[in-house]
Amino acid sequence: MTSPRFATLAVRGSYDHEEAISHHGSLSEPAYLTTAQHFDSAEAMRATAAGEREGWVYARRGNPTTGHLEATLAALEGYQTGAEVTAAVTTTGMAAISLATSAFLGVAAGAEPNIVASPACYGSTVMVFDRRYGDERGVSVRWVDDPYSVESWERVIDRNTRFLFAESPSNPMVQLVDIPALAALAREAGIPLIVDATLATPALLRPLALGADIVVHSLTKAAGASGRSMGGAVIARRGLRFRGQPAEMTEDFARYLRLGPMRDMGSVLSPFHAWTLLADIRELRTRVDTMSSGALRVAEHLAGRDDVAEVFYPGLPGHRTHHLAQRDMWLVDSGGPGRDPVNRFGFLLGFRPAGGVAAAHRALDRLRLVWRANNLGQVKSTATIPAIGTHLQVGADSPVPADMIRLSVGVEDAGDIIDDLDQALTGGDGPVRRPAGRAQ
Ligand code: PLP
C-alpha cells in the first residue's frame, strides 16, 4: 500500500487488521478500561517497567487506548513533514500546555529564565504564564507588543529565553503568526517554538511542517467535536536539540513527558476519553471542511450587515492576518492532479454588533439555535462573549473587545445559523435587514 493520505490515517489510526483479529475481529480499537497490566513473570514486569521492553504497566504512564490516540495524532500532525513525530495525550489542553512549557523551565538551563509569548492567547494560557510561572516561580514573562511583527519577537529574545509560544490562529481574535519566521528566530536562539494550533487542527495547518518544534492541542475542541470528553496533546518532532536542555529530554519529547513529568504529576488522559476522542478524530478532515465552509459563509453575511460593527475572521480580506491564513491554511489533501488546493480558514469567528456591550448581550440572549456556551469546535454551533466567559479571568488586560461575540460554527446548515443570527440581531421582530444582492 502506498503511504495513506490524511483522511485514511485518521480513520485507520494505528489499529490494523492483525490487531483486530487478535481482538475477536473488533473493528474498533478496544477501550482498555483497566488501570494496570498483568505480567507473566517478574522479569517481564521489570523489563517493561524499565522501558527495555514495549508494553504497558500502569495507566498513569499510558494505556493501549491512549497509545492508539497518540499514534493517530502523531501521524496526523506529522503528515507530510517527513519527520518522525510522537505525541503524549493529557487530561486537558491546559495540561498539555503546562507540561510542554514547564519542561523548559528547569534550573539546570541557567538562572533568571524568561519566556517570550504572544499575548493573543486563550485566557488560561495567559494565567499559566503570568500567575503560575511569573508570580509563583519568578519567571519573567515577555509578552510581545505586536505578535504579527517578527521584529517584536526578535527584540525581546535573549540568552535566558527558554521558549517562544504562540497560538495560531488565536482564540478568540483568530489571528495567525508567521510560523516559519518565528521558527527561524527560535532556531537561531537554540530554543523551541511551541505552537497551540487547536483552532486550526492538523486538517488545516500543521505547524511542524512549517518549522515549529512542538505543537499543543486542546482535544476538547474540534478534535473531540461531539463534546463528550476533555483532552490535550503535546506533539513533537523527534531528535530536537536546544541550548541548555538535556538531549534525553528532547530526543523524544513526548515519550519523555509520558514517562517523566506526566507519570509523576498525574495528568494522563483516561482511556475512556481517549476512546471517545478516537471516534471523533476519524472524521476530522470532512468535519473541519464543512464547519469552515459554513464559517466563511456566516462571516461574509455578518460583514454585509449594517448592524454589525466589525467581523473577525481570517478568511475575510480585511482581517489583519488574512495574508498569513491564505499562505498557511489549506484543507489537507485538497490539491492534486487537476485540482487546486483549497484554502479553509477554520470554524471560529468573532463579531461586534453595532451598539456596544448591551447590544452584544442582547444578541447573545436572543439566540435560539446557536448554543450559549463556552466551548468551540463542536458539531453544535456555540457562541459566547469572551469578556464575560472564556477570557473573564484576564480582566482589564485582555485585548479582546468587551462587545465581541465569539461564534464557533458547527455542522448545522449554515443557512439556519445565518437565520438565527439575523433574528438575534434584529430582535426577532421586524424584517431581517439583508443588504440587497447578498447571496444567502
Ligand atoms: N488552547 C486553546 C486555543 C483553547 O481555546 C483552549 C480552551 O478553550 C485551551 C487551549 C485549553 O483547553 P482545555 O479546556 O482542554 O484545557
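By convention here, the first residue in the shown sequence is residue 1. Side-chain atoms are counted along with the backbone in the values below, which use heavy atoms only and exclude waters and symmetry mates. Order of appearance sets the numbers: ligands from 1, and atoms from 1 within every ligand.
- Aromatic ring centroids of His323 and Tyr148 lie 6.0 Å or more apart.
- Checking only distances, Lys221 does come within under 3.5 Å of ligand 1, N or O to N or O.
- Annotation for ligand 1: atoms under 4.0 Å from non-hydrogen atoms of Ile97 are 10 (C).
- When only interatomic distances are considered, the shortest N/O to N/O separation between Met230 and ligand 1 does not fall below 3.5 Å.
- Annotation: Thr125 places no N or O atom under 3.5 Å from an N or O atom of ligand 1; distance criterion only.
- Relative orientation of the Phe163 and Phe165 rings is perpendicular, given thresholds of 30° and 60° on the angle between their planes.
- Set against the non-hydrogen atoms of Asp196, the atoms of ligand 1 under 4.0 Å away are 1 (N), 2 (C), 3 (C), 10 (C).
- Between Phe104 and Phe242, the ring planes lie perpendicular to each other; the angle is over 60°, past the 30° to 60° tilted range.
- Taking every heavy atom of Met94 and a limit of under 4.0 angstrom, the matching atoms of ligand 1 come to 11 (C), 12 (O), 13 (P), 16 (O).
- Of the N or O atoms in Gly93, one or more lie within a sub-3.5 Å distance of an N or O in ligand 1.
- The ligand atoms of ligand 1 that sit less than 4.0 angstrom from a heavy atom of Asn171 are 4 (C), 5 (O), 8 (O).
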Go through the steps to decide whether Glu77 and Arg206 satisfy the test salt bridge (charged side-chain N to carboxylate O under 4.0 Å, His left out), and finish with yes or no. CA-CA 6 Å; Glu77 199 64 55; Arg206 288 175 305 289; over 6 Å; no
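- Salt bridge Arg282/Glu29: present, at least one basic N to carboxylate O contact under 4.0 Å.
- When only modelled atom types and interatomic distance are considered, Asn114 and Thr161 share a side-chain donor-acceptor pair under 3.5 Å.
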